[in-house]
There are 2 protein chains.
Amino acid sequence: MMDWEQIAECHKALADKTRLRILALLKVEELCVCELVEILNMTQPAVSQHMRKLKNAKLVKERRNGQWVFYSLDGSIYPFFQSVLETLPKMRSEIEELKKSGRKVVCD
Amino acid sequence: MMDWEQIAECHKALADKTRLRILALLKVEELCVCELVEILNMTQPAVSQHMRKLKNAKLVKERRNGQWVFYSLDGSIYPFFQSVLETLPKMRSEIEELKKSGRKVVCD
DNA sequence: CAAAAATATAAGTACATGCTTATATAATAA
DNA sequence: TTATTATATAAGCATGTACTTATATTTTTG
């Protein structure tokens with residue numbers, strides 16, 4: 001069973017418009033920080049700090065590939081996480097824009 | 001469809017240990033402020049301020065009966081609210097304690 | 001190795017949050 | 001009507017949050 005503090009921590013991570021948008025973007029596909037910087041039009045440290053909060057709350061996991069760090073959804077420890085994600089507005093078009101602009105990171 | 005700001009507001013309301021406990025208590029039955037003050041062992045203004053946040057986020061609704069204001073769960077506008085509630089630790093025993101101590105409010 | 005690119009961390013600042021105490025409002029009871 | 005009980009609101013304060021700019025770390029490339 002989960003304790004009060006941990007459930008509250010999870011909702012603190014969800015209690016910010018920018019982090020909700022990040023989660024909605026990761027629902028489409030994994031993304032690295034520099035891609036999120038482009039899409040969200042925010043500074044790199046601001047995005048990095050949001051990712052740290054999401055990671056500490058165990059809502060995302062990271063995977064390093066070369067110079068990039070790719071983030072993807074996790075959240076499996078919270079039974080309600082999936083249904084929170086389903087409520088978020090769709091962000092597919094923002095990622096399409098990124099691809100069209102040629103700024104999608106391609107590696108491997 | 002719900003906007004980012006409103007979803008974030010909802011999670012801000014859920015991002016506090018005390019408010020999560022209040023919701024878990026209201027899952028058992030509707031309660032008035034003075035009962036919550038007893039159970040949570042907090043000052044009355046502190047509880048009132050938490051109830052205002054929950055009400056503004058549309059997670060609870062209020063019903064006045066005489067000098068008491070009874071709060072009960074709402075949250076129907078958020079598709080994920082029910083599954084958030086199901087994750088919360090049980091609080092049935094705390095309300096049993098209140099009844100045994102003779103501090104349960106009886107009216108009508 | 002030195003330079004470049006991606007990311008993380010640190011310090012500073014403005015604003016939000018959760019409590020406190022004091023006071024206001026509302027309904028009931030004497 | 002006056003006192004009592006329940007609740008709400010307001011102001012003040014300590015702490016937390018989300019950004020900023022500056023700098024550190026990590027990996028790749030020449």
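Order of the sequence lines fixes the chain letters, A, B, ..., with proteins taken first and strands second; residue numbering starts at 1 for each chain.
Atoms CD (B/Glu62) and P (C/dA26) sit 13 Å apart, rounded to a whole Å. Atom CG of B/Asp16 is separated from atom C1' of D/dG16 by 12 Å (rounded to the nearest Å). Atom P of nucleotide C/dA16 and atom NZ of B/Lys12 are separated by 9 Å, given to the nearest angstrom. Atom NE2 in A/His11 sits about 20 Å away from atom P in D/dG16, given to the nearest Å. Straight-line distance from the CD atom of A/Gln67 to the P atom of D/dT27: 11 Å, rounded to whole Å. Atom CD in B/Gln44 sits about 7 Å away from atom C1' in D/dA8, given to the nearest Å. The CZ-C1' distance, from A/Arg103 to C/dA6, rounds to 16 Å in whole Å. In this entry the distance linking CG of A/Asn56 with C1' of D/dT17 reads 14 Å, nearest Å.
Residue B/Ala46 has its side chain nearest to C/dT20 when only C/dT9, D/dT7, C/dT20 are considered. You'll find that the side chain of B/Trp68 is closest to D/dA6, out of C/dG18, D/dA6, C/dA6. Closest approach to the A/Arg19 side chain among C/dT7, D/dT17, D/dA18 is made by D/dA18 (side chain taken as heavy atoms from C-beta onward). Nearest nucleotide to the A/Thr43 side chain, out of C/dT7, D/dA8, D/dT20: D/dT20.
Not one side-chain nitrogen or oxygen of B/Tyr71 sits closer than 4.0 Å to the OP1 or OP2 atom of D/dA6. Look at B/Arg52 and you won't find any side-chain N or O under 4.0 angstrom from OP1 or OP2 of D/dA8. For A/Arg64 and C/dT7, the shortest distance from a side-chain N or O to OP1 or OP2 is not below 4.0 Å.
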Give the C-alpha distance, both sets of side-chain angles, the deciding distance and a yes or no for side-chain contact (heavy atoms from CB on, under 4.5 Å) between B/Arg19 and B/Leu14.
CA-CA 6 Å; B/Arg19 285 193 294 272; B/Leu14 294 169; over 6 Å; no
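Between the side chain of B/Glu38 and the main chain of B/Leu98, no donor-acceptor pair closer than 3.5 Å is present.
For the 3.5 Å distance criterion, the side chains of B/Ser48 and B/Gln44 qualify, holding a donor opposite an acceptor. Judged purely by distance below 3.5 Å, without hydrogens or angles, the side chains of B/Asp74 and B/Ser72 never pair a donor atom with an acceptor atom.
Within the 4.0 angstrom heavy-atom criterion, only backbone atoms of the sugar-phosphate kind lie near A/Met42; the bases stay farther away.
Nearest-nucleotide assignment on DNA chain C puts the 5′-proximal partner with A/Phe70, out of A/Phe70 and A/Gln49. Nearer the 5' end of DNA chain D, as judged by each residue's closest nucleotide, is the contact made by B/Pro45, out of A/Lys53 and B/Pro45.
Residues A/Tyr71 and A/His50 place their aromatic rings such that the two centres sit no closer than 6.0 Å.
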